[in-house]
Amino acid sequence: MSLLAKLIVRKNMPELPEVETIRKGLEKSILNKKIVQIEIAKKSPVKGNAEKFVSEIKGKKFVRIERLGKLLVFSLSAKKYLLVHLKMTGQLIYAAGKKVVAGGPPHQKFWCGGGHNLPVINPDTLPTAYTRAAFVFSDDSKLYFNDMRRFGYLRLAGEAEKNKVERAYGIEPFSKKFNLAEFKRILAGREKSLLKAALLDQALIAGIGNIYADEICFSAGVLPGRPAASLTEKEKAALFRAIKSVLRQALKYGGTTFRNYANARGQKGKFTEFLKVYGRQGMKCLRCKKGIIQKRKIAGRGTSFCGNCQK
DNA sequence: GTGTTTGTTATCAA
DNA sequence: CTTGATAACAAACA
């Protein structure tokens, strides 16, 4: 496969920085607006009864938007929650009402990936063939749920259900409780697993996916295939710092876009240009300038690393 | 047609 | 019981 082809087939899906970017965007645009209509595609993304889903949400408002790992939790009044998981190709795009668009900014095109001319989403062009659901608000603005691959879902949950889901997730990387001692304790509980598997395990630390797992290992200079039990104290500390720094920087730049990821306005994330290993297989290592980035299957996932400067 | 892509869950094994 | 490893899932593309 040519290098260009490799670049084009790279994909990404929302992980913590992307989901958090969407959450913040939606917080600015849809909170406390009355939901007047909900449209569900025939290929429904709703878990459970779609008619019941619509009737229970219609007329209510989203009063709060939280994130649990990669899951978005929209609080409706009356202890009901809309859980949205974007999985691989899900998008939540907000389109302002007609009145706002008419007097709004000029038409803007959004592109992603270093010059590959791959459009993300222009809210004006919605719905698309992959729009699976749309929420219409009283000011005629809309929230579209797009999902090409249909792994993502919308699920209405009660308090108990939501709490159960919440308990299944591990610690949030930006929580005050997530300190070095806690990280070591987490690793100690998974001594038999590989580092990469531990980083990806949502029940341990919530929100790290394939891209950031690889970037975190590279940043820390540790091979992702290392058994967790083999990590030295110094390496554990480096990994802990890397989790925070990589995710913080990705968040700062609005996440990573190769192909499908778009924020709540349909725009790409800018962290793509800061990636050091993910999608760089076959290319020279940016840090040691000697190694060639390798790609292998580790813990069941495509994993990129520098065999020279990651130990 | 085959292999690869990914987050999560189901399933089986130890 | 826990923990881990792996398959399965949907859909697209090379």
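The model shown is predicted, which means the values in this text are computed figures rather than measured ones.
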Would you please confirm or rule out a distance under 4.0 Å between OP1 or OP2 of [N] and any side-chain N or O of [X]?
X	N	answer
A:His85	B:dT8	yes
A:Lys295	B:dT5	yes
A:Tyr130	C:dA12	yes
A:Gln202	B:dT8	yes

To the nearest angstrom, how far is [X] atom [atom1] from [N] atom [atom2]?
X	N	atom1	atom2	answer
A:Leu199	B:dT8	CG	C1'	17 Å
A:Tyr153	C:dC9	OH	P	18 Å
A:Leu83	B:dT9	CG	P	11 Å
A:Leu204	B:dG7	CG	P	15 Å
A:Lys87	B:dT5	NZ	C1'	15 Å
A:Arg150	B:dG7	CZ	C1'	17 Å
A:Leu200	B:dT5	CG	P	14 Å
A:Ile211	B:dG7	CD1	C1'	12 Å

Any donor-acceptor N or O pair under 3.5 Å, side chains [X], [Y]:
X	Y	answer
A:Ser230	A:Arg226	yes
A:Thr303	A:Lys295	no
A:Tyr212	A:Glu18	yes
A:Lys196	A:Asn210	yes

Legend entry - A:Glu172 and its salt bridge (Lys or Arg N to Asp or Glu O under 4.0 Å) partner, picked from A:Lys70, A:Lys177, A:Arg67: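 Going through A:Lys70, A:Lys177, A:Arg67 one by one, the salt bridge (Lys or Arg N to Asp or Glu O under 4.0 Å) with A:Glu172 is satisfied by A:Arg67 alone.
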Legend entry - Nucleotide of B:dG7, C:dA12, C:dA11 approaching A:Phe151 most closely (side-chain heavy atoms):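 Taking heavy atoms from C-beta onward, the closest nucleotide is B:dG7.
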Inset, instruction - Mind telling me whether A:Phe183 and A:Phe240 have parallel, tilted or perpendicular rings, with 30° and 60° as the class edges? - result: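 The rings of A:Phe240 and A:Phe183 sit tilted, inter-plane angle from 30° to 60°.
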Inset, instruction - Tell me what A:Gly152 touches on the nucleic acid: a base, only sugar-phosphate, or nothing, going by heavy atoms under 4.0 Å. - result: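 The answer is nothing, as A:Gly152 stays clear of every strand by at least 4.0 Å.
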Is there any protein nitrogen or oxygen under 3.5 Å from a nitrogen or oxygen in nucleotides 4-6 of chain C, and what are the pairs?
from	atom 1	to	atom 2	distance (Å)
C:dG4	OP2	A:Arg190	NE	2.9

Legend entry - A:Tyr81 six-ring face occupied by A:Lys162 cation (under 6.0 Å, within 45°):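 Judged by the rule (NZ or CZ under 6.0 Å from the ring centre, within 45° of its axis), A:Lys162 counts as positioned above A:Tyr81.
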